[in-house]
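Just the heavy atoms: all of them, side chains too, but no hydrogens, waters or symmetry mates, feed the values below. In what follows, chains are A, B, ... by sequence order, proteins preceding strands, each numbered from 1.
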Amino acid sequence: MSTPSAPTLAPSPYRRSHTCGELRDAHVGQAVTLCGWVNSYRDHGTGLIFIDLRDRFGLTQLVFNREDSGIDHETIERADKLRNEDVVAVSGVVRVRTGGENPKLPTGKIEVVVKSLNFVNKTENPPFLPDDMLALPNEELRLKHRYVDLRRPKMQSILSLRHRVTKLTRDYFDENGFLEIETPILYKSTPEGAREFLVPNRHVPGSWYALPQSPQVFKQILMVSGCDRYLQVCRCFRDEDPRADRQAEFSQIDLEMSFVQRDDVMAMMEGFARRLWKQVLNVDVPPIQRMTYKEAMDRFGIDRPDTRFGLELVDVSDIAKKIDFGVFTSALAQKKGVVKAIRVPGGAEKLTRKMTDGYTEFVKGFGAGGCPVVKLTANGLETGIAKFLEPIKAELIERLGLQVGDTVLFGADTYSVVCKALAELRLKVAKDLNMIPEGKWNFLWVIDFPMFEWDKDGGGGKGRWIATHHPFTSPRHDQIEKFMATDFGDTDGIEALRSAGYDLVLNGSEIAGGSIRIHDQAVQTRVFRMLGMTEEQARAKFSFLLEALKFGAPPHGGVAFGLDRLIMHLAGTDNIRDVIAFPKTQIGADLMTGAPSQVTEDQLKDVHVRNVLPAPKA
RNA sequence: GGGGCGGUAGCUCAAUUGGUUAGAGUACCGGACUGUCGAUCCGGUGGUUGCGGGUUCGAGUCCCGUCCGCCUCGCCA
C-alpha cells in the first residue's frame, strides 16, 4: 500500500483558534485568531477603533490601536473601513480591558488587541441589522433575507434550543428502547382528513403520490413488523391554511410502542415532558392531572382547557328554564340547548359597557346570538338582563357563588355553540383582565374522547360520522365489545362510545395526541364501515393495513408531539415562524427562494401533467 | 372562500380637516475625536408614499380594483 502524498497547503488565514464567546481572563496573554461578523464599530479616529465581533457563540471586543506595538498603518486603515456585518478574521493577543470591563458580556473582562486583519468579506449595506436591540423589521423582509434574520442572537438561541430538544428526544427514547426509523415522504393518497399535497409519478401516467399528513400507518406497520418501539422526528404535510401556531409543513416527534395500554404510553410521554422541562428550563413538572373530555367540555367548553385561571363555565339551564326570557327559552327549546354562565370576579368594576358590548360581537363570530350580561351590586342585580333574572336571583347567586361586584356573562344556544363561544370568550376575558399568570406550566391529560363525531355537512350534505382522533384509534379496551355490538343507526349509542385516545395539553395548547390503536382486523373493518366506507373503499385505501392486522399484529399504541409548538412553548414565542428556520407565509410561499414557482412545459410533460389555470379576473 | 389590520427614505416610524418643497431616529457616505461598549459631535446622500385607476383646483390622506404580509372564521382524520 503506497502512502498518499497530498501537497501541503499553507494555513488558511481564517482558521480560528477560539470562538467569539469563549475568551475569559484565563486566556490573557494568549495569541488568538477569531472569525465572525462585525456587530458594531466604535471608531475614535486617529487610530483607535473598537469592533464587537460576533459569531453564534457570542461577542468579543477587538481593539485596533495605532499606539500598540505590532500593528501597521495599513491594517489600521483597513480596520477604519470595517462596517456592520462585514466578515473578518483577526489575529492578536488577549488582554484585560484597559477601559474597564463590560458587565453585559460574558467576554466583557477581556479584549483582543489586534495585530493583523487577515480576511475581510465586505458586505453591501444589509437590508436590516440582525440586532435584537433594534425594532424588528417587518416579517416580509425578515423572511426574504432569512440569513440575516437568523444571525440575530434570539433566532440563534431558538435554533440551538430546537437542536437540544431533538437531541434530548433521541436520547430519552433511545434509553427507553426506541429505534429511530424513517418512513416514506412519497406516500399514498388517503383523502380522509386534511387536504393533501400531491406529487405526480412519472412512470405511471395519471398516478400520484401524496405527502403524508403523518406517518401514522407506517408506524403501526412497524409494530406489526416486530420493531416494538419506534421513534421519528419527522416532517408532516397538511395543505390547509396556516395560523400563528400552524404551518402546512410541520414537524412531529412521532412514536409507537407494542404490547402497551393507555397508561404505559402516557407514562412514557410524561417522563419525556418532565425530562424536557427539567433539562431545558430547569422546571420540575409535577404528576400530570387527568380530565375526561366531557369534564373539559362542561367546565371549559373546549377539549384543551387552559387551567391557569378560573372563569369556568357553569350550567344554569335548570335555573334558566324557570323564567320567561326569550333568549333562554328559545335556546332551551332546541335539541341539546343549554344556558351556561361565566362568573367574572370583580367584573362590575373591571368590565366596561364598551367591553361587554364587544363581547356580544365577539361571540357572534362563533355562532352565538349574543352575550347577555348582568352585574351583582350592593343594590342587587343590575344592567343587562337584570330584570328578567330577578325571580331566579337567589339560585344564580348560589350556583355561581356570586359576590357583590361580580359580573356574569351568559351563553344560550346548543351545547356545541355555547361551548365554542364561551370557551373563546373565557380566553378573551382572561386576556382583557390580565388574569393569565406568567411562568405557569399547566400540563393536563385529556382522556376518554368520543370515538366518533357527527359531521352534519359531510357525506355530500347527508351528514356522516367522522373519527374524533383518527380511524385507527381503538375503542377504550372496556368498550370494544360494546362497539362491535353497536348498530350503525344507533346515534346515541355511537356518540357514547369512548376511545382509547389521549391528548397532552399545556396552558390551553394541544402539544401531543395519541391513542391505543386497533390491532384486530374485525374492529378496524367495523370502524371503516362506521365512517361510511364500503368494504371496497376501505380495501382500496387501507388493504395493506387490514392485511397486516391479519398476520400477527401486536397490541400497540403511540403518540405524536407537535415539535414546533413544543419549541414555541419552551422559547416563549407565539409565532411558529420563529421556531422554523425557513418557514412559509399564509399562501405557502417561501419568500427567500421564491417557492412555489413555475416549471417548464418539459417538466410537466415528463410527469403527464397540464396546467389548467383559472380564468383571469375581469 | 369570508372578516380585520398593515404597506411612506436601506430599516423603524411621523405627516393636523384633503393644502407650502413628505419629516425624525437609525443605517449609509464624508469630517472631528486615543478607551469606547446602543460611543459622541458636525455635515451630507437618500422618496414612483406597494401597484393601477378614479374623485378633486389640489391625494401619502378620500373612493374602486389589485398585489404582498400578518391576525382570524371556515378548514386542520
With the sugar-phosphate defined as primed atoms, P, OP1 and OP2, and the base as all remaining atoms, what B/S/- string results for nucleotides 29-34 of chain B, 5' to 3', for protein heavy atoms under 4.0 Å? S---BB

Which nucleotides of nucleotides 9-14 of chain B have their base under 4.0 Å from a protein heavy atom (B), which only their sugar-phosphate (S), and which neither (-), written as one string 5' to 3'? -SSS--

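Across the P atoms, rG23(B) and rG69(B) are found 32 Å apart, a figure rounded to whole Å. Distance noted for atom P between rG38(B) and rU26(B): 14 Å (whole Å). Going from the C1' atom of rG47(B) to that of rG60(B) covers 11 Å, rounded to whole Å. rG65(B) sits 11 Å from rG3(B) when the P atoms are compared, rounded to a whole Å. Comparing rA27(B) with rG18(B), their C1' atoms are spaced 33 Å from each other, to the whole Å. For the C1' atom pair drawn from rC5(B) and rC76(B), the interatomic distance equals 24 Å after rounding to whole Å. Rounded to whole Å, the P atom of rU16(B) lies 16 Å from the corresponding atom of rC63(B). Comparing the same atom, P, in rU45(B) and in rC73(B) gives a spacing of 50 Å after rounding to whole Å.
With a cut-off of 3.5 Å on both Watson-Crick or G-U wobble distances, the partner of rC62(B) is given as rG54(B). Base-pair partner of rU49(B): not found among the strands shown (Watson-Crick or G-U wobble, both distances under 3.5 Å). The partner of rU12(B) is rA24(B), by the rule that a Watson-Crick or G-U pair needs both atom distances under 3.5 Å. Across all strands shown, rG4(B) is found opposite rC70(B) as a Watson-Crick or G-U wobble partner, with both distances under 3.5 Å. Pairing for rC37(B) is absent, with no Watson-Crick or G-U wobble pair whose two atom distances lie under 3.5 Å.
Taking the charged nitrogens against the carboxylate oxygens, R195(A) and E240(A) do have a contact shorter than 4.0 Å, which makes a salt bridge.
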Find every protein N or O atom lying less than 3.5 Å from an N or O atom of nucleotides 4-7 of chain B, and list the pairs.
none

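Nucleotide rU36(B) holds its P atom 15 Å from the CG atom of L105(A), rounded to whole Å. Whole-Å rounding puts the F366(A) CZ to rG74(B) P distance at 7 Å. Following rounding to the nearest Å, N102(A) (CG) and rG38(B) (P) show an atom-to-atom distance of 7 Å. Atom CD of E101(A) is separated from atom C1' of rU36(B) by 15 Å (rounded to the nearest Å). In this structure, K584(A) atom NZ and rG69(B) atom C1' are separated by 16 Å, rounded to whole Å. Atom pair E453(A):CD and rC76(B):P shows a separation of 11 Å (rounding to whole Å applied). Distance CD1 (I51(A)) to P (rG38(B)): 15 Å, rounded to an integer number of Å. Going from atom CG of D68(A) over to atom C1' of rG35(B) covers 11 Å, rounded to whole Å.
Looking only at atom types and distance, the side chain of D432(A) has a donor-acceptor partner in the side chain of Y359(A) under 3.5 Å away. At a cut-off of 3.5 Å, with distance as the only test, no side-chain donor of D357(A) or T360(A) sits close to an acceptor on the other residue. For the 3.5 Å distance criterion, the side chains of T107(A) and Q61(A) fail to qualify, holding no donor opposite an acceptor. Donor-acceptor pairing under 3.5 Å is recorded for the side chains of S40(A) and D52(A). For the residue pair E139(A) / N575(A), a side-chain donor-acceptor distance below 3.5 Å is found, with atom types taken as modelled. For the residue pair S509(A) and H569(A), a side-chain donor N or O sits within less than 3.5 Å of a side-chain acceptor on the partner.
Contacts of R142(A) with the nucleic acid, taken as non-hydrogen atoms under 4.0 Å apart, are absent. Using a 4.0 Å heavy-atom criterion, one finds that L59(A) contacts no nucleic acid atom at all. Using a 4.0 Å heavy-atom criterion, one finds that E510(A) contacts no nucleic acid atom at all. Residue T98(A) is in base contact, counting any heavy-atom pair closer than 4.0 Å across all strands shown. Residue G108(A) is out of contact with every strand shown, counting any heavy-atom pair closer than 4.0 Å.
Remark: the backbone N or O of L150(A) is paired with a side-chain donor or acceptor of Q156(A) at under 3.5 angstrom.
For an aromatic pair to be called close, the ring centres must be under 6.0 Å apart, and Y502(A) with F449(A) fails this.
One can find a donor-acceptor pair under 3.5 Å joining the base of rG35(B) and the side-chain atoms of R95(A).
Not a single side-chain hydrogen bond (donor to acceptor under 3.5 Å, both in side chains) links T356(A) to another residue, sequence neighbours left out. Evaluation of the ring-ring contact (aromatic ring centres under 6.0 Å, His included) rule for F472(A) yields H470(A), F542(A) as partners, not counting sequence neighbours. Residues passing the ring-ring contact (aromatic ring centres under 6.0 Å, His included) test with F128(A), sequence neighbours excluded: none. With sequence neighbours excluded, the residues that form a side chain to side chain contact (heavy atoms under 4.5 Å, CB included) with L433(A) are V344(A), K350(A), L351(A), M355(A), V429(A), M435(A). When the ring-ring contact (aromatic ring centres under 6.0 Å, His included) test is applied to F362(A), the partners found at least two apart in sequence or on another chain are F366(A). Taking the ring-ring contact (aromatic ring centres under 6.0 Å, His included) definition, one finds that F561(A) meets it with F272(A), sequence neighbours left out.
RNA chain B is contacted by both Q213(A) and L143(A); L143(A) maps to the nucleotide lying nearer its 5′ end (nearest heavy atom per residue).
Near-neighbour residues of RNA chain B inside residues 525-533 of chain A, defined by a heavy atom below 4.0 Å, are absent. Contact check of residues 235-247 of chain A against RNA chain B (heavy atom, cut-off under 4.0 Å) returns R238(A), E240(A), D241(A), R243(A), A244(A), R246(A).
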Name the atoms and distances for all side-chain donor-acceptor pairs under 3.5 Å in residues 452-465 of chain A, with sequence neighbours left out.
residue : atom : partner : partner atom : Å
D455(A) : OD1  : D457(A) : N            : 3.2
D455(A) : OD1  : G458(A) : N            : 3.4
D455(A) : OD2  : G458(A) : N            : 3.3

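Atom CG in L136(A) sits 11.0 Å away from atom CG in L141(A) (nearest 0.5 Å).
Evaluated for a side chain to side chain donor-acceptor pair (under 3.5 Å) with R517(A), the options E256(A), Q524(A), H556(A) yield exactly one hit, E256(A).
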Determine, step by step, whether E495(A) and L497(A) satisfy the side-chain contact (heavy atoms from CB on, under 4.5 Å) criterion, reporting the C-alpha distance in whole Å, the side-chain angles of both residues, the deciding distance to 0.1 Å, and the verdict. CA-CA 6 Å; E495(A) 273 186 348; L497(A) 292 167; over 6 Å; no

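Proximity of Q586(A) to the phosphate of rC71(B): a side-chain N or O atom is located under 4.0 Å from OP1 or OP2. At rG38(B), none of the side-chain N or O atoms of S40(A) fall inside 4.0 Å of OP1 or OP2 (strictly under the cut-off). Between K144(A) and the phosphate of rC68(B), there is no side-chain N or O to OP1/OP2 separation shorter than 4.0 Å.
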